[in-house]
Amino acid sequence: MKQLLYILISIVFFTVACNKNDVLDTNPNIRLNFSTDSILFDTVFTERGTVTRILKIFNYNANSININELKLSGGNTSNFSININGLNANEAQNIRIKGNDSVYVFIRAFINPNLQETPFIVEDSLLCTFNGNKVKIPLIAYGQNAIYLKDTDITENTTFTKSKPYIVYNQLKISKNATLNIAAGARIYFHKDAKLLVHGTLTANGTLQDSITFASDRLERIYKDEPGQWSGIHILPSSSNNIINYSCIKNAIIGVQVDSLSRNSAPKILISNTIIKNHQVAGILAYQADITGYNNLFFNCGQYLLAAINGGRYEFYQNTFAAYNFSTARTTPAVYLADHSYNSSTAFNFNAIFKNNIIWGVLREELEISRRGNNQIFNQNFEANIIRSSGLASNTNINNNNFLNLDPTFINPRDGNYKTTTSSAARSKGISLSNTSYGLELTKDIKNITRVYPSTLGCYED
């Protein structure tokens, strides 16, 4: 009993001592510190809000300071909202910050739609008043009106223009016999886990000056290179005659998934002059498909840049497959080609033409070709490619016609610059492609620079 009494007395004395030491300092010369002098939000789509920004207010002084008022200048009409240590309010009074302590202010931006097509700026400020001092923290957000699509089914020929971005929730479906034409400069943004399902035809035809964007709707800088933010583009069996040209497809789980062979003489999908990057699983995942690609840049995907399984037909000319992963570890090759699925011995016909490509990365084996069938067609035509691989040295088709383990020496992979240096082994190694179906298009590289044979391997001529 006495021991319990001593404990209670000690607690009382400790509490009194703490309260006694909690002295409020009203000196007007005293200062608070702020984690930033302004809050900037990247593009905010109207009707949607943004990621939360955090402002931290520090009291590095020995004694407590009382914030008399913390509020948004715009009050209830502001495009911003604040939360102060868990309390949602546009203003708060008498916030006491003890010595060597801090308080968190969480800030979001919400912008009402208007008729403006180009991005615009909304502004406000956070006012902090203490000890007769007033600190003003500017709040700035770039607003953008958008067209919102939720579980939308395109049943007739439709064109998306570049006037406003399109925001897709859940899924955007192109029905069989319908075509979605995406004009140069259009931006298609996908909310978390959203996807584009193509049962009909997708024609995305950008230009060098006005490329098309397929990406996540999180445009804040912290999400710039974040993989897996949306599901990706899925080309289904009933689809045909798909074209993606001068586009950027980024930050999905799978950039482009193709599930079947072509229904006519044209490839199931033709991808050209396009950047495919930052995908969680694969840039392109193909199941017994028919794909042609030229002048494309693939990089920074979690498992594969290109994975083609269960056979199919694949033609790739002047592409750069750069398997550098700066956010995740990878054990799978940049390019994987197989006449079977992962866990099956059933094999299918396989035809692959790869010419003037760079297949390079940080692993010793960046190209794997897997064959399990004996009676099926299995054609591999690899010529004038730089390939990082030791295991394929015994494959005469690969070894005799290509350049194994010659570093293409990219200028700056970490900065996304996959042009080659002037002394690169990729220079003047490319064979003429004038006799291919895309000979005329291949006279220019991804930057529309004239390609002269023997060309530089990969998507960049210079």
Side-chain angles (χ1 to χ4, degrees), residues 195-198 227-228 231-240 242 244 249 252-263 267-271 274 276-277 279-293 296 298-317 319 321-323 325 328 330-355 357 359-361 363-382 385 387-389 391-392 395 397-398:
K195 55 195 169 186
L196 172 57
L197 301 177
V198 185
S231 289
I233 301 170
H234 194 163
I235 309 296
L236 291 132
S238 62
S239 179
S240 61
N242 297 286
I244 298 177
I249 308 170
I253 296 174
I254 297 170
V256 180
Q257 181 174 327
V258 188
D259 280 354
S260 60
L261 292 167
S262 176
R263 298 162 60 86
K268 188 85 170 185
I269 184 169
L270 171 63
I271 305 175
T274 291
I276 298 177
K277 64 177 181 177
H279 299 292
Q280 189 174 43
V281 176
I284 296 179
L285 179 60
Y287 298 89
Q288 199 178 25
D290 188 340
I291 302 174
T292 296
N296 300 300
F298 302 79
F299 69 95
N300 195 33
C301 295
Q303 295 183 33
Y304 305 98
L305 299 178
L306 167 65
I309 62 178
N310 276 355
R313 295 192 295 268
Y314 307 96
E315 295 184 37
F316 283 87
Y317 306 103
N319 299 278
F321 298 91
N325 293 64
T328 59
R330 176 177 58 88
T331 59
T332 46
V335 176
Y336 176 76
L337 308 172
D339 65 353
H340 57 88
S341 62
Y342 298 111
N343 299 314
S344 173
S345 60
T346 303
F348 300 89
N349 291 341
F350 174 87
N351 290 276
I353 299 174
F354 279 68
K355 295 184 179 183
N357 301 284
I359 304 174
W360 195 261
L363 303 182
R364 293 185 62 186
E365 302 294 335
E366 292 294 8
L367 170 64
E368 182 178 346
I369 301 174
S370 179
R371 182 181 185 182
R372 289 184 183 172
N374 294 316
N375 300 319
Q376 287 72 26
I377 295 171
F378 192 94
N379 294 325
Q380 48 176 340
N381 183 355
F382 281 72
N385 304 282
I387 303 171
R388 183 163 192 177
S389 175
L392 291 173
N395 185 322
N397 180 272
I398 300 295

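Only this structure's heavy atoms are used, side chains among them; waters, hydrogens and symmetry mates stay out. Bear in mind the structure is a predicted one, so any value in this text is a computation, not a measurement.
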Give a yes or no answer on whether the side chain of [X] reaches the backbone of [Y] with a donor-acceptor pair at less than 3.5 Å.
X    : Y    : result
R330 : A323 : yes
N357 : N385 : no
K268 : P237 : yes

Audit row: F316, I291, side-chain contact (heavy atoms from CB on, under 4.5 Å) steps and yes/no: CA-CA 8 Å; F316 283 87; I291 302 174; 3.9 Å; yes
Residues forming a salt bridge (charged side-chain N to carboxylate O under 4.0 Å, His left out) with D339, sequence neighbours excluded: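 Testing D339 for salt bridge (charged side-chain N to carboxylate O under 4.0 Å, His left out), a comparison that skips the adjacent residues, returns none.
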Do [X] and [Y] have side chains that approach each other closer than 4.5 Å (heavy atoms only, starting at C-beta)?
X    : Y    : result
I276 : N296 : no
V335 : L337 : yes
Q288 : L261 : yes
Q380 : N395 : yes

Looking at [atom1] of [X] and [atom2] of [Y], how far apart are the two atoms once the value is rounded to the nearest 0.5 Å?
X    : Y    : atom1 : atom2 : result
E366 : T332 : CD    : OG1   : 8.5 Å
F298 : F321 : CZ    : CZ    : 4.5 Å
I353 : Y314 : CD1   : OH    : 13.0 Å
I249 : I233 : CD1   : CD1   : 4.0 Å
S231 : L197 : OG    : CG    : 9.0 Å
F348 : Q376 : CZ    : CD    : 8.5 Å

Chi angles and distances behind the side-chain contact (heavy atoms from CB on, under 4.5 Å) call for K355, E315: CA-CA 8 Å; K355 295 184 179 183; E315 295 184 37; over 6 Å; no
All pairs passing salt bridge (Lys or Arg N to Asp or Glu O under 4.0 Å) where residues 305-314 contributes a residue, at least two apart: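 Listed by first then second residue: D290-R313.
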What's the shortest heavy-atom distance between [X] and [Y], and which atoms?
X    : Y    : answer
A289 : A286 : CB-CB, 3.8 Å
P333 : Y304 : O-CD2, 3.3 Å
A282 : C301 : C-SG, 4.3 Å
S370 : H340 : OG-NE2, 2.6 Å
S341 : N310 : N-OD1, 2.8 Å
N300 : L305 : N-CD2, 4.1 Å

Test side-chain contact (heavy atoms from CB on, under 4.5 Å) applied to V281 and H279, step by step: CA-CA 6 Å; V281 176; H279 299 292; over 6 Å; no
Listed partners of Y317 passing ring-ring contact (aromatic ring centres under 6.0 Å, His included), at least two apart: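 Testing Y317 for ring-ring contact (aromatic ring centres under 6.0 Å, His included), a comparison that skips the adjacent residues, returns none.
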Full working for side-chain contact (heavy atoms from CB on, under 4.5 Å) between Y287 and Q257: CA-CA 8 Å; Y287 298 89; Q257 181 174 327; 3.9 Å; yes
From L306, I309, I369, L367, residue fulfilling side-chain contact (heavy atoms from CB on, under 4.5 Å) relative to Y336: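 Exactly one pass, corresponding to I309.
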